[in-house]
Peer 1: 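One structure is given below, represented as structure tokens, and several questions about it will come after.
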There are 2 protein chains.
Amino acid sequence: MPKQVTLSEVATRAGVHVATVSRALNPATRSIVNEKTARRVEAAAKELGYVPNIMARSLRTQSTMTVGVIIPDLTNPIFPPMIRGIENYLAPRGYTALLSDSDGKAALERSAVTSLSERRVDGFIIATGLEQHPLLPTLFESGVPVVLANRGAGEVPYPLVTGNDEAGIQAAVSHLKELGHRDVVHVAGPQSFSTSRIRAETMVRACEVAGMRCRVVEATALTADEGEKVTDTLLAEKQNFTAIQASTDLLALGVLRSLRRHGMRCPEEMSVIGFNDMPFAEEFSPGLTTVRVPLEDIGTESARQLMRSLSEGSSSPIVVTLPVSLIVRASTGQAPRAGVSTQP
Amino acid sequence: MPKQVTLSEVATRAGVHVATVSRALNPATRSIVNEKTARRVEAAAKELGYVPNIMARSLRTQSTMTVGVIIPDLTNPIFPPMIRGIENYLAPRGYTALLSDSDGKAALERSAVTSLSERRVDGFIIATGLEQHPLLPTLFESGVPVVLANRGAGEVPYPLVTGNDEAGIQAAVSHLKELGHRDVVHVAGPQSFSTSRIRAETMVRACEVAGMRCRVVEATALTADEGEKVTDTLLAEKQNFTAIQASTDLLALGVLRSLRRHGMRCPEEMSVIGFNDMPFAEEFSPGLTTVRVPLEDIGTESARQLMRSLSEGSSSPIVVTLPVSLIVRASTGQAPRAGVSTQP
DNA sequence: ATGAAAGCGCTAACAG
DNA sequence: CTGTTAGCGCTTTCAT
């Protein structure tokens, strides 16, 4: 940390006391000080290249104006838009987001929370979806406000901001039904994620209601590779189904890859629907039919909820559900007549 | 900032002086203190849920163990891998990356530097590529170490870590030549970016050497939309060319979209090559032939260079050029016989 | 309108 | 081995 200019150096330069400099440079107290002196102080500060030390200020004021944002994986394209939403809401309000990529690992996540706590963030936005999260109870006791984004996290009574998973799945099922599909598969994410579970359960129920058969297979991670792997074994079993709904676009991407490798045409022989409408879902081949989740809005709303907790000094386990919409692209089509797609 | 447990509370609880607590809790000085006392202190700290205040520590030690990372756009998929590389290098060394998304706007970038300076980061990694960057000279004067990642930034003598643009373009041109292409177009990025300029210049030169005609058109931003727009006007002109090399995968994506809209088949009627091999470039339709830049390595190496500047207390304008490789996928193919792709 | 002085939480000499 | 003391850079009473 290269030695930086301090208040007292500015004070000496301007020939006033540090307190005066502090007042002159702080917009809120600027009016207190003589206009001429203030100008002199400002000039001195500029000449010296003064940059306030925000840590010293925070130490004194007991407020950091920061919020810790914990996400499981920055390289997952659904998170950058959420982050953008958060920052866009925070910045005009004087808050700064401190980002932490936990890499999906519980250990790193623990250290992320610790590291951010050491920085005395005023609150957290947590987008990691592990249920039974070991840290949340600890955090809760410490009284720091937390908002859960995108995924719930079990028993802790924190506000949760999420897309409408049920509605999204319903829309997907309706779409498939209209296209004549009767036998479908749901590629679920790890059931330790609340969203994965909700989507899977809703899928089963919605299919029942619609009079469709639905089989659920579970991927061990929300990645394209896992989606591919699961689909490989699925196709090897030569079951009868004509459509696959994946819990996540990344999983759906893996499904698409597997189909391609198996020489199965999508959507002619197999329809595929994802979830999230992540950036570039449109570019997949074929363009992915999916449920659009308002990712940036989730970020914005999470930040808003956190600010609310901050100002009210308390929070309730409110759930904010944002509307989703089905985006029909090229990966879904009429169900093949025979319905024996995997048995040529 | 909710009131947190302080050292002195732990001290009271353990029945010792704060200094002893500080020593007991700091691994480096832990050996100085009586084993039994240390245990008692640790117990007290744990019971109270003590979390050190890192700002107070930094204030005292004059070292924050943080580096500021400034990127122009978090939603551009080339950056998350770089960030991962940076963090992976930094974390084991006790450093934390403070991220700042400048959104590509000069104003925000200014405030990013300011905000990070106020946090007294020990150094910067800047991945924003504006030449004539107004802030760099200022930063330079302040003596804070800086490393430029991915894109150079003009006259300031900072280390630069980048992929081998020349080699990448050469490889692309060779590839096109082998496929029989003789008339090509380079879709350049804004020439205010150093990489855009280098790629464009190398392209022109390499084509000359290879005996190919090369036309350069400039996009106003490194986005798919701009790539699309540029290609639209290009196709409207009905020029003779059989391949397009884009300065960036995002631009190439736009090219692909435009071709599709114009009913032009890729690669049968028009070959396309990108640059970067961004995540998901493989998923485009068709899968994008491109130059793979080791994004994560660029991050890692940038961090390494910064650590070096930090420990040596000085830095030189060294340029670290990382090797790139051509990834051939489905978007390039044999040049059409006639070479009059846009004049059916 | 400005100065003096205290103190945020921590570490690092310096004593003992 | 442990306590005392000072001070990092800043804001905020309290005086003047």
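A quick note: this is a predicted structure, and the numbers were derived from the prediction, not measured. The figures that follow rest on heavy atoms only: side chains count, while hydrogens, waters and symmetry mates do not. First the proteins, then the strands, lettered A, B, ... as listed; each starts at 1.
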Peer 1: Please round to the nearest 0.5 Å and tell me the distance separating atom OG of Ser58(A) and atom CD of Glu118(B).
Peer 2: 10.0 Å
Peer 1: Could you state the CG-P distance from Asn53(A) to dG9(C), rounded to the nearest angstrom?
Peer 2: 16 Å
Peer 1: As a test of reading the structure: which of dT2(C), dC1(D), dG9(C) is closest to the side chain of Asn34(B), going by heavy atoms?
Peer 2: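 The answer is dC1(D), which lies nearest to the side chain.
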Peer 1: How close or far is atom P of dT12(D) from atom CD of Gln62(A), stated in whole angstroms?
Peer 2: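 Rounding to the nearest Å, CD of Gln62(A) and P of dT12(D) are 11 Å apart.
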Peer 1: Could you grab the distance from atom CD1 of Ile71(B) to atom OG of Ser102(B), nearest 0.5 Å is fine?
Peer 2: 7.5 Å
Peer 1: Give Thr20(B) one of three labels, base, sugar-phosphate or nothing, depending on what nucleic acid heavy atoms sit under 4.0 Å from its own.
Peer 2: sugar-phosphate
Peer 1: Between atom CE in Met55(B) and atom C1' in dC8(C), what is the gap in whole Å?
Peer 2: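 After rounding, the reported distance stands at 9 Å.
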Peer 1: May I ask you to say whether Glu35(B) pairs ionically with Arg40(B), meaning some side-chain N is under 4.0 Å from a carboxylate O?
Peer 2: no
Peer 1: Whole Å only: how far is the CD1 atom of Ile32(A) from the P atom of dT13(D)?
Peer 2: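 Computing the Ile32(A):CD1 to dT13(D):P distance gives 12 Å.
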Peer 1: State which of dG3(C), dA12(C), dC10(C) makes the closest approach to the side chain of Ala19(B).
Peer 2: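 Output: dA12(C).
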Peer 1: Would you mind reading off the distance between Leu7(A) atom CG and dA6(C) atom P, rounded to a whole angstrom?
Peer 2: 19 Å
Peer 1: Please give, in whole Å, the distance from dT11(C) C1' to Ile54(B) CD1?
Peer 2: 14 Å
Peer 1: Give one of base, sugar-phosphate or nothing for Thr37(B), where a contact means two heavy atoms less than 4.0 Å apart.
Peer 2: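 Sugar-phosphate only.
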Peer 1: From the options dG9(D), dT2(D), dT11(D), select the nucleotide whose nearest atom is closest to the side chain of Thr6(A).
Peer 2: dG9(D)
Peer 1: I need the NE2-P distance between His17(B) and dC14(C), as an integer number of Å.
Peer 2: 17 Å
Peer 1: Rounded off to whole Å, could you give me the CZ-to-P distance for the Arg30(A) and dA1(C) pair?
Peer 2: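 Going from CZ in Arg30(A) over to P in dA1(C) covers 13 Å.
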Peer 1: Closest-nucleotide mapping onto DNA chain C: is Glu35(A) or Val18(A) further toward the 5' terminus? I mean the 5' end.
Peer 2: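 Of the two residues, Glu35(A) wins.
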Peer 1: Which one, dG7(D), dT2(D), dG3(C), comes nearest to the side chain of Arg60(B)?
Peer 2: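 Between dG7(D), dT2(D), dG3(C), the one nearest the side chain of Arg60(B) would be dG7(D).
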Peer 1: Do the side chains of Arg304(A) and Asp297(A) get close enough for a salt bridge, i.e. N-O under 4.0 angstrom?
Peer 2: no
Peer 1: Do Arg23(B) and dG3(D) share a donor-acceptor pair, side chain to base, under 3.5 Å?
Peer 2: yes
Peer 1: Between dA12(C), dG3(D), dC1(D), which one does the side chain of Thr61(B) approach most closely?
Peer 2: dA12(C)
Peer 1: Distance alone, cut at 3.5 Å: any donor-acceptor contact between the side chains of Thr61(A) and Ser63(A)?
Peer 2: no
